[in-house]
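Structure first, commentary second.
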Amino acid sequence: MARYARVKGSIALITLTNPPVNALSAAVRRGIMESVSRALKDEQVKAVVFCGENEKFCGGADIKEFSGSMSGPPLVPLIHSIEAGEKPMVAAIEGVALGGGLELALGCHYRVANTKACLGLPEVTLGLLPAAGGTQRLPRLIGIPAALELITTGRHVSAQEALQLGIVDQVAQGSAVQAAMELALSVIGQPLNPRRLSLRAPVWAPDVDGVCDAALAQVKQRSRGAMAPVACVQAVRAAAMLPYSKGMERERQLMDTLFRSGQAQAMQYAFFAQRNAGKWSLPNGSQWNNTRARDVQRAGVIGLGTMGRGIAVSLVKAGISVVAIETDAKQLESGKKAVTAMLQRDAQRRGVSPPLHLLTFTLSFHQLRDVDLVIEAVFEDMNLKKRVFSDLCKVLRANSLICTNTSGLNVDELAAVTDRQPLVVGMHFFAPAHVMKLLEVVYGARSSPEAVATAMALGKRIEKVCVAVGNCSGFVGNRMLKLYLDQSVYMLEEGATPEQVDQALEEFGFAMGIFKVSDLSGLDVGWRVRKASGLIGPDVDPVKPSRWRLGRRYCPLPDMLCQQGRFGQKTGRGWYLYDSPGSKEAKSDPEIQTFLEDYRRKYGIIPRRITSQEVIERCAFALANEGFRILEDRIAASPEDIDVIYLFGYGWPRHRGGPMFYASQVGLSVVLEKLEHYHRIHPDVPSLEPSRLLRRLVAEGSPPIQQWKSHIKNLRSHL
Ligand SMILES: CC(C)(COP(=O)(O)OP(=O)(O)OC[C@H]1O[C@@H](n2cnc3c(N)ncnc32)[C@H](O)[C@@H]1OP(=O)(O)O)[C@@H](O)C(=O)NCCC(=O)NCCSC(=O)/C=C/CCCCCCCCCCCCC(=O)O
């Protein structure tokens, strides 16, 4: 829909009306088409201004339409008719001009934005390219290098940056619509051809080929295996080499391929999954839209290790006062220095002053008496956390929330030592907490809906992607990760090398293979957990074989590495070799090859060749299989929640949608068949046994992922 009005006597004001973001649905496109035609016919009208309702210009094409049959006037000729119009067309950009929204504005002869506007061509993040002329008009406006950067990253720019780049002609302090109308009146009668971007010659730049080749190499490195960034470079290259009409043909060709691709489906699924995760619900029926969150003005952070520091930084950046606590003066001082430095660096980057006044560093729990909520981020040790929780109850207001940043400990057990079980929730941040987007909000059996709502709202406020999950060992992310790690080390026993496994995962799209990630996180972390849970150490029955624990296969390789002091990057040696402790470049270590050969010899394992396909199947399907169990157990409310956790917390490639989406895309019957196959070969790995939910879904005809939830209803949980 689009509203038409004649204002100031001679201006046609066309307002896009499709809340919440005025996406270009078929109805909106039709409305624009009719309004433009009316404006061109009306002799009183001398200029046209486009704007969006509710101070939002346009969020782009309607993404929901992409999965159906596209109908209504197509965007490309519509924008062309605006550009070709014989009256000045001015875009008044407020709020957002994204994707097709910006392409519409690029079809106008002038663009005015207000100071709060943001602009961009984020199609690449949906597995697409800006196929409404964006790849041809933007380079003609701002040049090849700048257009390549914006189109291949999908980055949003502020109005000020858009002005510097030359995307907009003017930035208005107040209303962009008023400013656009004034501009429109001032340009009536001026020639329009120089303002028509499609009429400009291909963009010349020194060494265009070199620039495009460099961009291609960069996108291939940054988003391994993703098609859209590569297609974006190809389309922009066409703008440099070809006349506009030929460039448009190329843009369309590339879009046709992307549009039909599984990658585009995966990325569009991820877009909606991320938004749906915010619409949380609890098993008792409480949910995001019927539960009020409490306002959090002051928070406490207990423990200033790596996690506590990142959490404190995130809170302060969002304008929340923080009381940061340590138990020892030296640690407090080093935490204070680190947090201050992080905030200063961030402020310098953004050209603002660091909000250091919001921070109090102290050794005294008494300073917590006024806080609304505390996030405990001490060492991952149940007894220590219990002590902290009891101490907190002595000083906190009776209605303050207590949150624990545990990566997998039992939230109910912790809540049980407090005087406020309904006010206890888990907030599982990911390291580094001020950078990583994911936050698992863990509700225990007694957590109140209000406490969950408060943690979810707080997470959103500090710009995290929050997913509400139930309480079980490892919650969602780490519970699944364990099985993925297990498969990876089993494959080392069977004949693979860390390099082979990592290469297969990186080719699949992970930024880093699992062994590089383990080296980065520190191998000692898991070692400590295994010791604490009695899997290694004096409690293990010495008569039992080393490769067997709790009635199932066990791989002692990671423990053996730790015994040698190989903790990963921090010690300069782990699954890989590093030039020095702390350095990041992983190099193959011949000692690891010998170590693996000796190990296999010792246990009589005949090594075999493990293909990349096997690596992906065993890792990805083990993850998905546990995901199905998590759904059966009601630990996650939907497959989308699981996928969001893997996309934002574990580096799962976005163009693969997430482990659950990947399983649905490969085909549930294929996944079932493969799991049965691997379980037959490895009967001592019970986690490879296909889950009940997977079997049921296959038996019921492998419904699309959006329908899985309704098939879970009648399954009884294991928990
Ligand atoms: C920044 C935002 C706009 C706003 O953010 P925020 O305020 O935080 O709010 P959100 O929670 O994100 O969103 C609020 C709700 O709005 C929904 N939403 C947002 N954007 C869209 C959209 N573009 N379409 C539909 N719905 C949208 C969102 O889901 C929320 O809904 P709900 O409340 O949860 O229900 C932020 O939302 C944002 O970033 N949005 C996305 C912006 C974006 O990516 N835009 C680009 C879209 S793609 C595009 O524009 C493409 C243009 C080129 C089209 C060319 C078409 C040619 C097609 C030809 C192909 C033919 C091939 C045929 C092949 C064959 O023959 O088979």
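Whatever order the structure lists them in is the order used to number ligands and atoms, beginning at 1. Heavy atoms only: backbone and side chains are in, while hydrogens, waters and symmetry mates are out.
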Centroid separation Y650 to F510 less than 6.0 Å: no

Going by heavy atoms in the side chains, are P145 and L148 under 4.5 Å from each other? no

Here the pair of heavy atoms bringing V469 nearest to E440 is CG2-CB, 4.2 Å

Does any donor atom in the side chain of Q297 or D295 lie under 3.5 Å from an acceptor atom in the other side chain? yes

Would you call D346 and M342 a side-chain contact if the rule is heavy atoms closer than 4.5 Å? no

Write none if no such pair exists; otherwise list each N/O atom of ligand 1 with its protein N/O partner under 3.5 Å and the distance.
{"from": "ligand 1", "atom 1": "12 (O)", "to": "R275", "atom 2": "NE", "distance (Å)": "2.6"}
{"from": "ligand 1", "atom 1": "12 (O)", "to": "R275", "atom 2": "NH2", "distance (Å)": "3.3"}
{"from": "ligand 1", "atom 1": "23 (N)", "to": "G59", "atom 2": "O", "distance (Å)": "3.2"}
{"from": "ligand 1", "atom 1": "23 (N)", "to": "A61", "atom 2": "O", "distance (Å)": "2.9"}
{"from": "ligand 1", "atom 1": "24 (N)", "to": "A61", "atom 2": "O", "distance (Å)": "3.4"}
{"from": "ligand 1", "atom 1": "24 (N)", "to": "I63", "atom 2": "N", "distance (Å)": "2.9"}
{"from": "ligand 1", "atom 1": "34 (O)", "to": "K279", "atom 2": "NZ", "distance (Å)": "2.7"}
{"from": "ligand 1", "atom 1": "35 (O)", "to": "K279", "atom 2": "NZ", "distance (Å)": "3.2"}
{"from": "ligand 1", "atom 1": "45 (N)", "to": "G59", "atom 2": "O", "distance (Å)": "2.9"}
{"from": "ligand 1", "atom 1": "50 (O)", "to": "A61", "atom 2": "N", "distance (Å)": "2.8"}
{"from": "ligand 1", "atom 1": "50 (O)", "to": "G100", "atom 2": "N", "distance (Å)": "2.8"}

What heavy-atom pair brings L106 and L197 nearest, and what distance separates the two atoms? O-CD1, 3.5 Å

